[in-house]
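Working notes, beginning with the structure itself.
Here the structure is a predicted model, which means the values were calculated and not measured. Throughout, protein chains are lettered first and strands after them, A, B, ... in sequence-line order, and every chain is numbered starting at 1. No hydrogens, no waters, no symmetry mates; every other heavy atom, side chains included, goes into these values.
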Number of protein chains: 2
Amino acid sequence: MTHNNPPFPSADHDHKHCVSHALKNAEAYCQQQGLRLTKLRHQVLELIWANHQPVGAYELLDQLTHEGRKAAPPTVYRALDFLMENGLVHRISSRNAYVGCSHAGHDHTAQFLICESCGQVAELDNAQIGSVIAKGANQLGFTVAQWTLEISGTCDQCKHRSQDE
Amino acid sequence: MTHNNPPFPSADHDHKHCVSHALKNAEAYCQQQGLRLTKLRHQVLELIWANHQPVGAYELLDQLTHEGRKAAPPTVYRALDFLMENGLVHRISSRNAYVGCSHAGHDHTAQFLICESCGQVAELDNAQIGSVIAKGANQLGFTVAQWTLEISGTCDQCKHRSQDE
DNA sequence: CGCATTATGTTACAATATAACATTACAGTA
DNA sequence: TACTGTAATGTTATATTGTAACATAATGCG
């Protein structure tokens, strides 16, 4: 299965829909895998998607609190750990921030395009990149366990926006 | 110019030599570029290389202190900023740690092989990886400014070591 | 030298993440 | 249903990583 959606959502896309879509996927996936997507974890995952761009843990903590839940840092970090272990969320380590995974359930490692102008992140799943990396590493006798690729730059929309000014 | 050194140094390589080599390179580069490689910066760079694997900022701070210098966090972070801005050091963001750059002076972005077993890091400079990434991003209208690739796994030596047991 | 600029010292604090132990909820079973 | 072991969450305290802001010292240059 491949995703042909433009990786950076258009400005007027139906964001509510994409959030609920991601949540439904996650629910189905956890169901199928016998994972406990508890209320807290569900809530954190929803917040992450709702933010629509990488969110910090303490930002999530604030948002949880505003939603009326008593929460401390471990509350958030434990939920994040669960979500990351199960491929529902990725950490953008160059930003200490977290994003929902667009291909949850697939076996994949993460590749991100991070727009410096709008702050949005798009997740790639480019097989060619993966295979070139594997090849390069294997040539050196290195066995790859996992990897992260974080690409900063400017997305298409922001380029056009800046031309309009 | 290309480097054909094995990226993970052999166990018995002359480490003192590789440190002094890196320092000489850095000195020459700064000279040539009119950059001020002050005593502090030189000292920090030397410590980074001497550690022989990624080092945390506070670890460097300790080491500086043990060498008799009065230092506080900003001391180290400012030196690191200088060294990173000028391509003499890279930050491994998945580890909050810093390593000397093996190709200082070249225009390149960083690709790291991080051995989970011995903790050592090798820096790649694989043009093919770079071009595949650029192509993948450009196809999506994304303009790449810079990127980091951090690959975790097991290096050749550690694989063999574990077979011997 | 005298001045402007850059680098470093110093203090305080912000931001991110974890340890350790107490309590609660949950799933399976007698 | 009540019992029990496990997993999840609550709670407090603290570790780790990184910056802000302002003072002082060193450096390069006219």
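- Between the side chains of A:E116 and A:T154, not a single donor N or O lies within less than 3.5 Å of an accepting N or O.
- A:L37 and A:V99 are members of different hydrophobic clusters when ILVMFWY side chains are connected at heavy-atom separations under 4.5 Å.
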* Asked: Does the pair B:S94 and B:E150 meet the rule for a side-chain hydrogen bond (donor to acceptor under 3.5 Å, both in side chains), with working shown?
  -> CA-CA 8 Å; B:S94 61; B:E150 301 181 11; 2.4 Å; yes

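- Here CG of A:L35 is found 13.0 Å from CD of A:E27. Values are rounded to the nearest 0.5 Å.
- Going from atom CG of A:L40 over to atom P of D:dA7 covers 17 Å, rounded to whole Å.
- Distance, A:M84 CE to C:dA17 C1': 11 Å, rounded to whole Å.
- Listed pair B:T38 / C:dT8 meets the phosphate criterion, a side-chain N or O lying under 4.0 Å from OP1 or OP2.
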* Base-contact (B) and sugar-phosphate-only (S) positions in nucleotides 14-28 of chain D, heavy-atom cut-off under 4.0 Å, - elsewhere -> ---BBBBB-----S-

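- A side-chain N or O of B:N51 and one of B:Q63 form a donor-acceptor pair less than 3.5 Å apart.
- Donor-acceptor pairing under 3.5 Å is lacking for the side chains of B:S152 and A:Q146.
- Rounded to whole Å, atom P of C:dT18 lies 14 Å from atom CG of A:L61.
- In this structure, A:L60 places its CG atom 14 Å from C1' of C:dA17, rounding to the nearest Å.
- Panel note: side chain A:Q111, backbone A:N126; a donor-acceptor pair is recorded below 3.5 Å.
- Remark: P of D:dA8 and CZ of A:R41 are 4 Å apart, rounded to the nearest angstrom.
- What separates NZ of A:K39 from P of C:dA25 is a distance of 12 Å, to the nearest Å.
- The ring-ring contact (aromatic ring centres under 6.0 Å, His included) search around B:Y77 returns none, not counting sequence neighbours.
- For the pair B:R69 CZ and C:dT8 C1', the interatomic distance rounds to 8 Å; values are reported in whole Å.
- Checking B:L140, B:V144, B:T143 one by one against A:L113, the side chain to side chain contact (heavy atoms under 4.5 Å, CB included) holds for a single residue, B:L140.
- Five base pairs at each end of the helix from C:dC1-D:dG30 to C:dA30-D:dT1 define two local axes, and these are offset by 20° (rounded to 10°).
- Straight-line distance from the CG atom of A:L80 to the C1' atom of D:dT9: 15 Å, rounded to whole Å.
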